[in-house]
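Here is the structure we will look at, set down as structure tokens.
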Amino acid sequence: MADRRNRRVAVFGAGYIGLVTGACLAELGHRVVVRDIDPEKVRVLQGGDVPIYEPGLGDMITRNKERLTFTLDLDEALAEAEVAYVCVDTPPSVSGDADLSKVWSVVRSLAAAPHLHTVVMKSTVPVGTGVRARAALDEAGLTATGYASNPEFTAEGRAVNDFMNPDRIVIGADEPATAVLIAELHSGIDAPVVTMDVRSAEMVKLASNALLATKISFANEIATLCENTGADAMEVLGAVGLDHRLGPHFLRPGIGWGGSCFPKDSEALRQLASNTGFHPPLLSAVIDVNNIQKRRAIQKLKDVLGDLAGREIVLLGMAFKPGTDDMREAPSAVLASRLQAEGASVRCWDPLARPSAAEPWLSARRYASPEEALDGADAAVVVTEWAQLRDVDWGRVAQLMRRPVLFDGRNLLDPAEMRELGFTYMSVGRP
Ligand SMILES: NC(=O)C1=CN([C@@H]2O[C@H](COP(=O)(O)OP(=O)(O)OC[C@H]3O[C@@H](n4cnc5c(N)ncnc54)[C@H](O)[C@@H]3O)[C@@H](O)[C@H]2O)C=CC1
Ligand SMILES: O=C(O)[C@H]1O[C@H](OP(=O)(O)OP(=O)(O)OC[C@H]2O[C@@H](n3ccc(=O)[nH]c3=O)[C@H](O)[C@@H]2O)[C@H](O)[C@@H](O)[C@@H]1O
């Protein structure tokens, strides 16, 4: 039996989760090979660079380069591996269910591994995937191979810190020995280890994201009620969150939640429920509130500007939240698309975001600084609460803009100050 701090691990997928998992497992003392099918990603990693923005990740990879390698080659990844981590993307399919094709592709490819004894699912998958994975492993001749669900709760922009300092490590395994092995892989991390059956572990991940999304949609709904009644949502939610039974987290009202996971995971959970014949009313409302929230920004601009056709509108922030370059399901993409549909011309600024080939951005103009983007514009929307926006000389900007109209979709700036500077200033749930 290998030393519990020196396992040979293959990680499949060199994205946000695979890279962080691989680097952190190497940091914990294991020998890790990360395999991806994207040649460009692997080339960048082999050259010593990191293809995504994640604080601390580059240093951790460099520090562990003796124990951490990257490859395109399946045989190289499988040659020594005792444990295989599946960290590939599980995007929404046309039906809204999670598309597991990449997961199955990895699981099937494991048949050729000579030393493999454990497969760990880190990708977020529907409840019941473990049973299908088990069957696929059996079919591939890996009957003696243990299987575990080990969902990940890290948030982008702080994933390395979250991985090394988690609130809990959840392990779903059908055999106790497999759960013990996964727990040992994490030795060195000080956190409660919660073991359960595979289906329950799969559900913990979806339920956690759904509850976080629920808190935000609740905050957004209360913010709208505050707008309609003259209360101040920041005061209200701040005080609500002081109740220790409720907690202050994920109660920040804003322009709606986005990102690579909340939108797809809440929809996947809703479809999972529908597939069992159950329409989940609360989850459906949480998703609806979020969709409406993103569109309310357009109405607020129309209330001030009237027709948006021909207007120059600036989106300040494109990433789905600050501290990441990730644009997946970013509210900015919905806003850009809606504004363009209204005939507006969209400008944007973001210090990090890496837009995909997503259609709405093709005709948006990206500027190097907020000031350049705002020069001559008719209105602006704070979409992402980048700290840099606090340092903008808003007094000067009020002079530069054709009309100083600002919808602060993240309640980043001070309403009184902005109005004093001459802005028609709107925010979320604040008078
Ligand atoms: N991004 C996040 O913060 C979190 C993501 N998750 C879950 O983790 C999973 C991965 O998410 P991300 O890392 O964000 O996705 P990602 O899209 O950044 O990375 C996935 C990687 O897998 C690679 N890949 C696809 N097929 C492959 C194959 N057959 N063999 C090897 N590599 C392959 C892709 O080329 C890509 O580099 C998803 O299920 C997601 O829901 C869970 C918690 C947090
Ligand atoms: O499954 C996942 O991928 C991850 O999804 C989220 O992490 P992440 O998407 O990186 O970002 P969050 O910080 O949770 O923010 C998600 C969205 O909610 C918004 N948000 C967050 C908090 C809040 O109070 N208000 C609010 O509007 C953010 O602006 C952002 O658009 C969860 O926080 C992680 O625990 C989970 O592992």
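Note that ligands are numbered from 1 as they come in the structure, with each ligand's atoms numbered from 1 the same way.
Of all protein heavy atoms, the one lying nearest to atom 35 (O) of ligand 2 is F153 O, 2.7 Å. When only non-hydrogen protein atoms are considered, atom 40 (C) of ligand 1 lies nearest to K264 NZ, 3.8 Å. In this structure, the protein non-hydrogen atom closest to atom 5 (C) of ligand 1 is I17 CG1, 3.1 Å. What sits closest to atom 5 (O) of ligand 2 on the protein, heavy atoms only, is F262 CE2, 3.6 Å. For atom 10 (O) of ligand 2, the nearest protein heavy atom (residue, atom name, distance) is E156 N, 2.8 Å. Nearest protein heavy-atom contact of atom 9 (C) of ligand 1 is V88 O, 3.3 Å. Among protein heavy atoms, the minimum distance from atom 26 (N) of ligand 1 is reached at I37 CD1, 3.4 Å. Shortest contact from atom 7 (C) of ligand 1 to any protein heavy atom: T124 OG1, 3.5 Å. Among protein heavy atoms, the minimum distance from atom 13 (O) of ligand 2 is reached at K321 NZ, 3.1 Å. For atom 29 (O) of ligand 2, the closest non-hydrogen atom on the protein side is R410 NH1, 3.2 Å. Among all protein heavy atoms, the one lying closest to atom 22 (C) of ligand 2 is F250 CD2, 3.5 Å. The single protein non-hydrogen atom nearest to atom 9 (O) of ligand 2 is F320 CE1, 3.5 Å, given as residue, atom name and distance. The protein heavy atom nearest to atom 19 (O) of ligand 1 is G15 CA, 3.1 Å.
Comment: E227 does not engage R430 in a salt bridge, judged by the lack of any side-chain N to carboxylate O separation of less than 4.0 angstrom.
Residue K205 has no nitrogen or oxygen atom sitting less than 3.5 Å from a nitrogen or oxygen atom of ligand 1, judged on distance alone.
Interface atoms of ligand 1 facing T154, defined by a heavy-atom separation under 4.0 Å, are 3 (O), 44 (C). Taking every heavy atom of K205 and a limit of under 4.0 angstrom, the matching atoms of ligand 2 come to 1 (O), 2 (C), 36 (C), 37 (O). Numbered from 1 in the order shown, with element, the atoms of ligand 1 that lie under 4.0 Å from a heavy atom of T90 read 38 (C), 39 (O), 41 (O). Close approach to C261 involves these atoms of ligand 2, each under 4.0 Å from a residue heavy atom: 1 (O), 2 (C), 3 (O), 5 (O). Residue-ligand proximity, R328 to ligand 1, at heavy-atom distances under 4.0 Å covers atoms 14 (O), 15 (O), 16 (P), 17 (O), 18 (O).
Pairs of residues two or more places apart, or lying in two chains, that qualify as salt bridge (charged side-chain N to carboxylate O under 4.0 Å, His left out) and include a residue from residues 247-264 are R252-E385. Pairs engaging residues 54-69 under the salt bridge (charged side-chain N to carboxylate O under 4.0 Å, His left out) rule: E27-R63 [sequence neighbours left out].
Judged by distance alone, the side chains of Q340 and S337 never bring a donor and an acceptor atom under 3.5 Å apart.
Heavy-atom contacts from other residues, nucleotides or ligands closer than 6.0 Å to CD of E76 number more than 12.
When the options V34, D38, D36 are ranked by their closest heavy atom to atom 36 (C) of ligand 1, first place goes to D36.
Cation-pi geometry between R328 and F320 is not satisfied (NZ or CZ under 6.0 Å from the ring centre, within 45° of the ring normal).
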